[in-house]
Trainee: 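Pasting a structure below so you can have a look.
Chain naming here is simple, since letters A, B, ... match the order of the sequence lines and numbering starts at 1 in each.
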Amino acid sequence: MNQKVVHLLCIVVLCISLTGCWSSRELSELAIATALGIDKHEDGYKLTVQIMNPGEIAGRQLTTRAVVTTYSTTGKTIFEALRRLTTITPRKIYLAHLRIIIFGQELMEEEGLANSLDFISRDHELRTDFSLAIAKDMSAEDLIKVLTPIEKVPADKIFSSLKTSQDNWAPTKVVMLDELISSLTSPGKQAVLTGLYISGKPETGNHIENVQQVDSPAKVHLDHIGVFKGDKLVGWLNESESKGFNYITDNVLNTVGWVECDQTGTISVEVFKSNTKLTGLADNGTPKITIDVKSEASIGEVACQIDINDEKKLTEIEQKLEKKIEEIVNGSIAKAKEFNSDIFGFGDVLRRFEPKKWETWKENWSEEFQNIEITVNADMKIRRTGTTTESFIGKIEQKKEKDE
Amino acid sequence: MSEKVRISGAQFAILVIMNVLGTAIIIVPSIAASFGQQNGWFSVLLATLFGIGLVFLYYLIDNNHPNKNLYEQLEDLFGKWIGKFLSVLFIVFFFEIAIGNLRVMGDFIITQILVNTPIEVIMLLAVITCLIAVRMGIEVISRTAEIFFPYTVIAIILLITLVLPESEITHIQPVLQNNIAATLAGVIPLLGYPFLELVVMLAIMKHVNKQKAGRGFLVGMTIGGLLLTVVTLMCLVVLGSDITARNVYPTYVLGKKISVADFLDRIEILVAIIWFFTIFFKITISFYVVAIGVSHTLNLKNYKTTTIPLAYVIMVFGFFASPNIISTRIFLSSTWIPVSLIFGLVIPIVMLVVGFVKKKI
């Protein structure tokens with residue numbers, strides 16, 4: 001009997017203590033942040049946070065209020081600024097569902113990335129599955145304020161267009177926190193981040209009318225890749241250089257490329273498979289890198305007179321494409337050398353292939369990077385021609401000639 | 001005095017695995033990577049080989065004195081008073097294992113999961129659970145281990161297979177080319193934590209069937225050490241050596257990386273099951289061994305007398321064990337090395353030599 005009472009008591013005590021509701025926070029007490037913008041400010045940092053308005057997303061009756069709200073505040077440190085937000089937000093900010101963090105260009109150029117990143121990697125609430133980007137030529141605050149059509153939450157739109165663009169277009173890149181920190185700390189690699197900007201009329205961006213019109217007056221655009229040296233932004237690659245960057249780092253999943261035909265006109269192909277292998281070599285003390293790009297493509301658009309049933313012609317196109325990839329890659333490397341920033345991680349490649357030599361290069365890698373010898377070998381195979389073989393353009397041209 | 005109980009070889013092997021993995025699985029990758037960087041996994045592998053060597057030492061000691069636990073052996077070998085003195089030292093050592101692991105677990109939970117919960121509450125719950133297990137006796141503990149073991153293994157296998165798509169072999173290249181000296185130096189802290197702590201098994205080894213004890217120990221140590229190596233390797237190939245070394249709990253970060261088809265997401269807490277089980281058994285075994293040690297030294301009839309007071313003491317000492325998390329890390333990679341070497345290696349070797357000499361005479 002006595003034992004039974006003791007057991008019962010144990011059960012009661014455990015029931016009370018094991019419910020795990022010590023620091024429970026209900027959904028209605030959370031302000032779910034979807035995007036975070038960090039700008040430079042005279043006091044330290046200016047923090048802008050985009051908060052979801054859950055009633056507008058899942059509510060039964062939708063009103064005309066905006067789906068997200070933004071709040072801004074300043075602070076000496078990011079953590080302080082974030083907590084100071086409680087003076088203007090109704091609830092405490094919950095960061096676990098963050099999709100994107102945007103840095104203002106001014107902050108990146110003048111102060112650098114390192115100081116703002118520590119909080120992001122240290123706080124337990126933040127996961128590592130969000131993307132990071134730069135607001136090009138503008139403040140992160142302005143960029144976060146823009147409402148977007150189709151994707152109701154602007155942060156979702158930015159996140160998914162970064163991803164879609166990387167997967168189907170190639171000159172942009174999704175950079176996650178882990179990768180960014182590894183490239184910032186690695187002696188043989190420099191960091192990159194994709195840029196974002198607003199086109200059209202930025203001032204209409206935060207009005208609801210921005211999503212009421214068929215052609216939104218303000219749109220968030222993805223720009224190309226921003227190059228860092230150390231933790232400071234030093235410049236931007238253009239579209240083809242950004243594509244070259246992704247070819248070198250084996251980040252091309254699918255993209256479109258075009259070459260000139262024999263006569264006037266162009267032919268475009270869809271690259272549906274691309275693999276890049278980097279090999280490093282020490283040749284008499286000079287670092288040497290060989291870049292092997294192996295791609296497979298199918299013909300996507302023929303806008304000239306060419307008989308693609310002829311295998312020779314196909315080989316010609318392949319060679320032209322190979323040459324173009326080599327040009328793109330070399331252009332990208334030339335630009336990186338101009339910034340003197342090893343964004344491709346050639347240092348890391350040499351560390352893997354020539355660990356002994358790397359120890360001597362490591363100390364002044366930015367000088368050695370200038371002397372690096374690059375060999376690019378592109379190999380392009382055209383596998384398919386789409387649903388048609390020879391284009392009808394040839395026939396039309398013939399008809400034109402006859403009519404004349 | 002300890003009970004008349006039997007543990008099967010398989011149960012003993014499972015207890016050994018739990019004791020190798022307990023808390024070590026969350027911290028070891030970070031320690032290993034901070035020394036050997038991308039070769040950190042090799043340090044763990046070498047430490048495992050050392051651990052397997054230890055098994056033979058402990059097996060020989062146990063073989064010399066069948067049916068006697070560590071404390072009885074010490075009195076047999078060194079006489080009553082020196083024996084008792086050494087027993088007390090060993091009790092302090094095992095006590096430190098119990099409170100250290102309790103504290104590491106508490107720190108982990110309040111850092112990563114229950115941020116606003118006071119650490120006392122978490123530690124109290126753990127101590128109460130361990131107290132119940134200890135009072136049930138070693139036989140029940142072993143059987144519980146047998147029940148929980150499959151879940152632990154499934155959780156580890158899930159963790160390893162689900163993060164496999166995220167791995168990049170270039171993170172650990174060049175293999176064993178740079179930092180060789182640091183990689184070898186990285187073995188040293190891993191010896192003390194967790195491998196030399198396995199000396200605790202000497203105190204319960206007498207309950208295991210004689211033929212099966214050695215094999216169980218060997219199998220347990222090998223599997224435990226290899227799992228530790230594989231988890232460290234996964235941390236390195238998925239996160240890279242830099243992030244592995246910088247994170248306090250890299251294995252948990254590894255769990256956060258699981259993302260299968262945007263569907264199987266955010267399940268890191270399931271991964272945490274691995275160490276909740278392993279830590280539970282590690283604390284329980286140390287607690288139990290301390291309890292039988294105290295009752296043996298004081299010639300008490302039943303070890304259960306000491307369990308409730310000990311639970312209080314473990315709780316309080318766990319709370320005051322270290323002022324902050326950094327000192328825990330420093331303690332593990334400095335003070336703990338000579339301490340564990342004395343108790344895990346030096347004294348057992350002396351025991352073996354004295355036993356050998358006494359037999360000759």
Side-chain angles (χ1 to χ4, degrees), chain A residues 6-7 9-11 13-25 92 96-97 117-118 121-130 159-160 163 176-189 249-250 277-280 345 348-359 362, chain B residues 37-39 108-129 131-132 135 166 168-180 235-236 238-250 252-259 262 265-266 268-269:
Chain A
V6 170
H7 281 179
L9 213 69
C10 277
I11 290 168
V13 169
L14 284 176
C15 274
I16 294 168
S17 52
L18 281 176
T19 49
C21 293
W22 192 285
S23 45
S24 70
R25 279 151 76 197
K92 191 174 166 228
H97 292 276
L117 275 184
D118 185 80
S121 74
R122 193 178 296 275
D123 194 76
H124 78 279
E125 221 172 65
L126 282 152
R127 295 167 52 84
T128 50
D129 57 356
F130 51 83
F159 185 83
S160 66
K163 182 112 184 60
M176 301 274 191
L177 186 64
D178 286 355
E179 191 190 342
L180 185 62
I181 293 177
S182 323
S183 23
L184 281 171
T185 53
S186 164
K189 198 176 182 189
T249 52
D250 197 11
K277 240 177 85 182
L278 300 179
T279 33
D348 271 350
V349 175
L350 289 164
R351 181 178 58 82
R352 291 206 305 275
F353 283 92
E354 298 284 345
K356 298 265 146 48
K357 277 278 180 196
W358 168 244
E359 295 298 322
K362 196 164 74 178
Chain B
Q37 291 172 18
Q38 79 274 24
N39 298 325
F108 166 71
I109 291 179
I110 58 167
T111 309
Q112 292 284 8
I113 305 163
L114 303 170
V115 181
N116 290 335
T117 312
I119 190 167
E120 297 90 324
V121 176
I122 289 154
M123 280 166 43
L124 183 71
L125 285 174
V127 168
I128 291 173
T129 324
L131 175 68
I132 295 169
R135 287 183 70 84
E166 313 267 332
E168 245 177 82
I169 194 76
T170 55
H171 278 147
I172 57 160
Q173 284 170 332
V175 178
L176 303 179
Q177 293 277 341
N178 307 4
N179 303 316
I180 291 294
C235 281
L236 288 170
V238 174
L239 305 171
S241 62
D242 186 60
I243 290 173
T244 309
R246 189 163 305 116
N247 268 296
V248 188
Y249 308 112
Y252 193 71
V253 180
L254 191 66
K256 283 188 176 183
K257 283 273 163 186
I258 296 177
S259 171
D262 287 335
D265 246 334
R266 313 198 170 202
E268 61 266 16
I269 201 67

Trainee: Between B/T170 and chain A, with a heavy-atom cut-off of 4.5 Å, which part of the residue counts as in contact: side chain, backbone, both or neither?
Mentor: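 Its backbone and side chain both get close to chain A.
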Trainee: Given a strict heavy-atom distance threshold of 4.5 Å, which part of A/D129 is in contact with chain B: side chain, backbone, both, or neither?
Mentor: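 Side chain only.
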Trainee: Is B/I243 close to A/S182 at the side-chain level, that is, under 4.5 Å between some pair of heavy atoms?
Mentor: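 With C-beta onward as the side chain, the pair touches.
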Trainee: Considering residues at least two apart in sequence or located in another chain, which fulfil the ring pair (Phe, Tyr, Trp, His ring centres under 6.0 Å) criterion with B/Y252?
Mentor: B/F108
Trainee: Which pair of heavy atoms, one from A/S186 and one from A/D348, lies closest together, and at what distance?
Mentor: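 Closest heavy-atom pair between A/S186 and A/D348: OG-OD1, 3.1 Å.
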Trainee: For B/E166, check side-chain contact (heavy atoms from CB on, under 4.5 Å) against everything at least two apart and list the hits.
Mentor: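 Scan of B/E166 (side-chain contact (heavy atoms from CB on, under 4.5 Å), adjacent residues dropped) gives B/V238, B/K257.
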Trainee: Which answer fits A/E359, side chain, backbone, both or neither, if we ask what part of it has an atom under 4.5 Å from a heavy atom of chain B?
Mentor: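 Contact with chain B involves the side chain of A/E359 alone.
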